[in-house]
Each structure stands twice: as C-alpha cells, then as structure tokens.
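Take a look at the structure set out below.
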Amino acid sequence: MAIYVDNARIIWANNTWCHLVADNLDELHAFAEKIGLKRKWFQASASYPHYDITLKTRSIALAEGAIMGSRRQIIFCAKKLKKSKAKKIKTTSTASSISKFKK
C-alpha cells in the first residue's frame, strides 16, 4: 500500500494546495493523522476522496514516506478510493437496514 501526493498547485485562500491520496481509506486516514491533518478536513464528498494539503504539508508528507504520484497513479488511487467509499456506505446502510428488521 502507498500514500501519494500530487503536484496540482491549486491557488485558494491565500495558499497553494495539492492532494493526498492512498491505496485505501484506512491507510489514508492513518497517514493524514500522522502528519497532523484533522479527519474533518477529509474531502469525502469531492469528486474523489482525498485530503487537500498545502505545499508545506506536502513536504512533510514526502519526508514521512509519501510518494510523488504521477497523474495516472493519482487517478487510479482516486477511483479505487471512490469505489471503496461507496462500498463502505452500502455495507453500512445494509447493516443498518438489517438491524432495524431484527428489532
């Protein structure tokens, strides 16, 4: 499993931003916490699940073992995370529905 950063360099709110993604959501959240990101900053409802990070945080992520991802790697991970997120939501809602019937 791997953690990736991109080189998007999006200017917003007086800062320059890029993205942090991973092969799976658990690994992404664990790494994000390790480098000081708050879970509430997770972009769950964006076009793909990720954390927006500043260039300074990107440097920290790279120093902690993140890989500079190519556009292809980032898109591949993004699609994988999106599927994983959808699967978790479906599993959670199915379990919730089942527990309602058991009552």
Side-chain angles (χ1 to χ4, degrees):
M1 301 293 174
I3 305 289
Y4 298 97
V5 293
D6 67 10
N7 199 23
R9 301 193 182 243
I10 299 161
I11 307 296
W12 183 75
N14 296 322
N15 224 322
T16 305
W17 301 82
C18 52
H19 304 106
L20 180 74
V21 299
D23 289 329
N24 70 61
L25 288 172
D26 293 334
E27 187 175 61
L28 177 61
H29 293 310
F31 190 85
E33 183 179 340
K34 178 181 174 181
I35 63 169
L37 300 178
K38 295 180 183 178
R39 180 70 175 260
K40 69 180 183 178
W41 297 341
F42 177 60
Q43 301 292 312
S45 59
S47 57
Y48 63 90
H50 68 277
Y51 283 88
D52 289 329
I53 58 173
T54 62
L55 292 181
K56 181 179 178 183
T57 304
R58 181 176 172 272
S59 295
I60 293 167
L62 289 167
E64 289 294 327
I67 300 165
M68 181 60 207
S70 67
R71 180 170 162 75
R72 184 180 204 156
Q73 287 169 315
I74 298 296
I75 290 170
F76 177 77
C77 282
K79 287 180 180 179
K80 213 159 120 177
L81 288 175
K82 194 170 187 175
K83 280 183 186 178
S84 172
K85 183 178 155 241
K87 189 175 181 180
K88 277 189 177 187
I89 289 169
K90 186 176 181 181
T91 303
T92 302
S93 63
T94 301
S96 176
S97 296
I98 291 170
S99 68
K100 286 179 189 176
F101 290 114
K102 287 185 176 182
K103 291 182 180 179

Could you state the interatomic distance from OG1 (T57) to CG (D52), rounded to the nearest 0.5 Å?
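Atom-to-atom, T57:OG1 and D52:CG are 11.0 Å apart.
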
As an exercise, state the distance from CG of L28 to CG of D23, rounded to the nearest 0.5 Å.
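CG of D23 is found 10.0 Å from CG of L28.
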
Measure across [X] and [Y] and return the closest heavy-atom pair with its distance rounded to 0.1 Å.
X	Y	result
I10	H19	CD1-CE1, 3.6 Å
P49	L81	O-CD1, 3.4 Å
A46	H50	CB-CE1, 3.5 Å
I67	L62	C-CD2, 4.1 Å
D26	N24	N-OD1, 3.1 Å
C77	V21	CB-CG2, 3.9 Å

Distance-only, no hydrogens or angles: does the W17 side chain make a donor-acceptor pair with backbone N or O of W12 under 3.5 Å?
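Yes, the answer is positive, given that a donor and an acceptor are paired below the 3.5 Å cut-off.
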
Do M68 and R58 make a side-chain contact, defined as non-hydrogen atoms from C-beta onward lying under 4.5 Å apart?
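Sidechains of R58 and M68: in contact.
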
Return yes when atom CZ of F76 has more than 12 non-hydrogen atoms of other residues, nucleotides or ligands closer than 6.0 Å, and no otherwise.
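No, the 6.0 Å shell around CZ holds no more than 12 heavy atoms from other groups.
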
Once side chain to side chain donor-acceptor pair (under 3.5 Å) is applied, do any residues pair with R72, and if so which ones, sequence neighbours excluded?
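None.
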
Stepwise side chain to side chain contact (heavy atoms under 4.5 Å, CB included) test for I53 and C18:
CA-CA 5 Å; I53 58 173; C18 52; 3.8 Å; yes

Please report, to 0.1 Å, the donor-acceptor pairs under 3.5 Å made by any side chain of residues 29-43, with sequence neighbours excluded.
residue: H29; atom: ND1; partner: R39; partner atom: NE; Å: 3.3
residue: H29; atom: ND1; partner: Y51; partner atom: OH; Å: 2.8
residue: H29; atom: NE2; partner: R39; partner atom: NE; Å: 3.4
residue: H29; atom: NE2; partner: R39; partner atom: NH2; Å: 3.3
residue: K34; atom: NZ; partner: E64; partner atom: OE1; Å: 3.4
residue: Q43; atom: NE2; partner: W41; partner atom: O; Å: 3.2

Please determine whether side chain to side chain contact (heavy atoms under 4.5 Å, CB included) holds for the pair Q73 and D6, giving the CA-CA distance in whole Å, both sets of side-chain angles, and the decisive distance to 0.1 Å.
CA-CA 9 Å; Q73 287 169 315; D6 67 10; over 6 Å; no

